There are 2 protein chains.
Amino acid sequence: MTLAETAYDALRRDIVRGVLAPGKPLRMAQLSERYGMGFSPLREALNRLQAERLVTSIALRGFSVAPLSMAEMWDTINTRVLIEQRALRLSIELGDDDWEAGIVSALHGLMLQSARAVEANADEQKLLEDRHRGFHLALIAGCGSSWLLEFFQRLYVEAERYRYPMLQQRNVEHHRDIQAEHAALSQATLARDADLACDLLAEHYLRTARFIEAQMAAAPQAQTA
Amino acid sequence: MTLAETAYDALRRDIVRGVLAPGKPLRMAQLSERYGMGFSPLREALNRLQAERLVTSIALRGFSVAPLSMAEMWDTINTRVLIEQRALRLSIELGDDDWEAGIVSALHGLMLQSARAVEANADEQKLLEDRHRGFHLALIAGCGSSWLLEFFQRLYVEAERYRYPMLQQRNVEHHRDIQAEHAALSQATLARDADLACDLLAEHYLRTARFIEAQMAAAPQAQTA
DNA sequence: GCAAGTCATATTTTCGAAAATAATGAAATT
DNA sequence: AATTTCATTATTTTCGAAAATATGACTTGC
């Protein structure tokens, strides 16, 4: 892997996890020391991240971590529902045996990890997050549209920034609820019931959004610092 | 404007217009001479373009112009219809006086330019293209969603790559048809008839796509070279 | 004849310094 | 006291060369 790719991954992770707080200016000298490399690979990573809206920049005044806001969170969730409902319908219509197998496998992996993650360390957290994305990706992987899949990835990362504080929670009941939703969603999808699956998907995301909004209202400084 | 921004604009224009053919490898030394600058600003531009899918890259093997295909054109058009129909419905629901004024103004400018562009030089072509994007943007500018607006921009640029050969045509009848569609679309939107406006929008894009497909079948080497 | 290894060349990637620009603060002016 | 000017410092942006890696031709052994 090149240094630029290393920088991209590291910056992305640190931004999503809030280690680099929203709005924080990213100075080249500082980043160079933090990640142990010269300016070139860092600029390269920052430019990619800017195109993905995780970073903002003004010419000759440098980069900073993109800010967060409740309005943007709702926009992200609503757009996500639009994109994923369409992709899910297409997958249900077009999906083949491999697509079905992918869902079963992803759900299985997610359940295993989810059971373990309540008492988790950082590595297990990351694995759970990967499996979670893997599951939602598996649902729509049969849609046949590279644009829908790309927009899914973009919106997933953005949503992850808002979801991160929630992931830190070790609430057993909450984990169990989410697992049940995943199972129901997977079941409706495999039964090729598009209307039901789309409803469950929307409800799944809206529930999360409402939860985050409530949490944010209680402790707004956590993320929008 | 920084050199990196200059490079970004120039590369983008040359890719969209097919001056740099799809699939063509982009060698740093070559680009450096062509655009009269060092590697740094070029890499910066290429990274942004890669994130926007106008350019592909493989680590240590450099960049190349992203390829075109009929399958991808249809994916682009279909996704565009999804995004813009949603954005149009939201605009019709939420749009204020400024939004309405923007549509009237954009349509007016487009008509003026369109009448002139049949006998056009390169500058008028570019102005027409800007006005065309301006009009479609004006229709959905009231939607209140930065994600929908960003995806609109992304898909517009991609579609422009396919549409470019068509733009070269000096067919008066064809221009008149397109103008009529724009007028009808604008009218339905301002009348707040969401269902009709969405139908007209979809038909507008599908007609273009079918036209391009027919043209491509007749002379496939023009773009997919 | 053909695969695997080896060297020379072409190309990308990275660094470190120089150039260009912005931010800061002190002195001068109104 | 407030504003402007100007130098100083901090920071980004760009360049040119060095390092790292890929490519392709050529040889060698089978």
Side-chain angles (χ1 to χ4, degrees), chain A residues 1-16 18-68 150 153 157 225, chain B residues 1-16 18-68 157 225:
Chain A
M1 194 158 65
T2 64
L3 283 177
E5 286 167 327
T6 306
Y8 173 81
D9 289 343
L11 277 165
R12 193 163 108 96
R13 199 178 56 244
D14 287 345
I15 290 168
V16 168
V19 176
L20 299 171
K24 176 179 175 125
L26 299 167
R27 301 266 155 61
M28 296 308 293
Q30 203 177 305
L31 296 178
S32 178
E33 182 169 15
R34 189 188 218 288
Y35 298 109
M37 56 183 74
F39 290 179
S40 307
L42 286 169
R43 284 188 72 80
E44 195 150 331
L46 289 167
N47 274 294
R48 287 182 57 193
L49 291 165
Q50 187 199 2
E52 293 174 17
R53 291 233 198 161
L54 290 178
V55 153
T56 62
S57 89
I58 304 173
L60 297 172
R61 282 195 234 176
F63 300 86
S64 58
V65 180
L68 295 178
E150 182 189 329
Q153 301 278 9
V157 173
Chain B
M1 194 160 63
T2 63
L3 284 177
E5 286 166 327
T6 307
Y8 173 82
D9 289 343
L11 276 165
R12 191 159 110 86
R13 201 178 54 246
D14 287 345
I15 290 169
V16 168
V19 176
L20 298 171
K24 178 179 172 125
L26 299 167
R27 301 264 156 59
M28 297 308 293
Q30 203 177 305
L31 296 178
S32 178
E33 183 168 15
R34 189 186 217 290
Y35 298 108
M37 57 184 72
F39 291 179
S40 307
L42 286 169
R43 285 187 72 79
E44 195 150 332
L46 289 167
N47 274 295
R48 286 182 58 191
L49 291 165
Q50 188 199 2
E52 293 173 17
R53 289 234 200 162
L54 290 177
V55 153
T56 60
S57 90
I58 304 173
L60 297 174
R61 282 195 233 175
F63 299 86
S64 58
V65 181
L68 296 179
V157 173

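Values in this document were obtained by computation on a predicted structure and should not be read as measured data. In what follows, chains carry the letters A, B, and so on, assigned in the order in which the sequence lines appear, proteins first and then strands, with residues in each chain numbered from 1. Below, all heavy atoms of this structure are taken into account, side chains as well, without hydrogens, waters or symmetry copies.
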Expressed in angstrom and rounded to an integer, what is the separation of B:M1 atom CE from D:dT14 atom P?
11 Å
Determine whether the side chains of B:Y8 and A:N47 contain a donor N or O and an acceptor N or O closer than 3.5 Å.
no
Taking atom P of D:dA19 as reference, at what distance in whole Å does atom CG of A:L3 sit?
15 Å
Look only at the side chain of B:S57 and the backbone of B:G62, and say whether a donor-acceptor pair between them is shorter than 3.5 Å.
no
For residues 25-52 of chain A, which residues have at least one heavy atom under 4.0 Å from DNA chain D?
A:L26, A:R27, A:M28, A:F39, A:R43
For DNA chain D, the dot-bracket notation using Watson-Crick and G-U wobble pairs below 3.5 Å, [ ] for pseudoknot-type crossings and | for other-strand pairs, is ||||||||||||||||||||||||||||||
Do B:E44 and B:T2 have side chains that get closer than 4.5 Å, going by heavy atoms?
no
Test applied, side chain to side chain contact (heavy atoms under 4.5 Å, CB included); reference residue, B:F63; option that passes from B:L42, B:T56, B:L46, B:I58
B:L46
Tell me if a side-chain donor or acceptor on B:S64 pairs with a main-chain N or O of B:K24 at a distance below 3.5 Å.
no
Sort out for me which residue in B:V65, B:L49, B:L20 forms a side chain to side chain contact (heavy atoms under 4.5 Å, CB included) with B:V55.
B:L49
Between CG on residue B:L26 and CZ on residue B:R34, distance to nearest 0.5 Å:
9.5 Å
CD of A:E150 to CZ of B:R53: how many Å apart, nearest 0.5 Å?
4.0 Å
Where along residues 58-65 of chain B does a heavy atom come under 4.0 Å from DNA chain D, residue by residue in number order?
B:L60, B:R61
Distance, nearest 0.5 Å, that separates CD of A:E52 from CD of B:E52
11.0 Å
So do the side chains of B:T6 and B:Y35 get within less than 4.5 Å of each other, counting heavy atoms only?
no
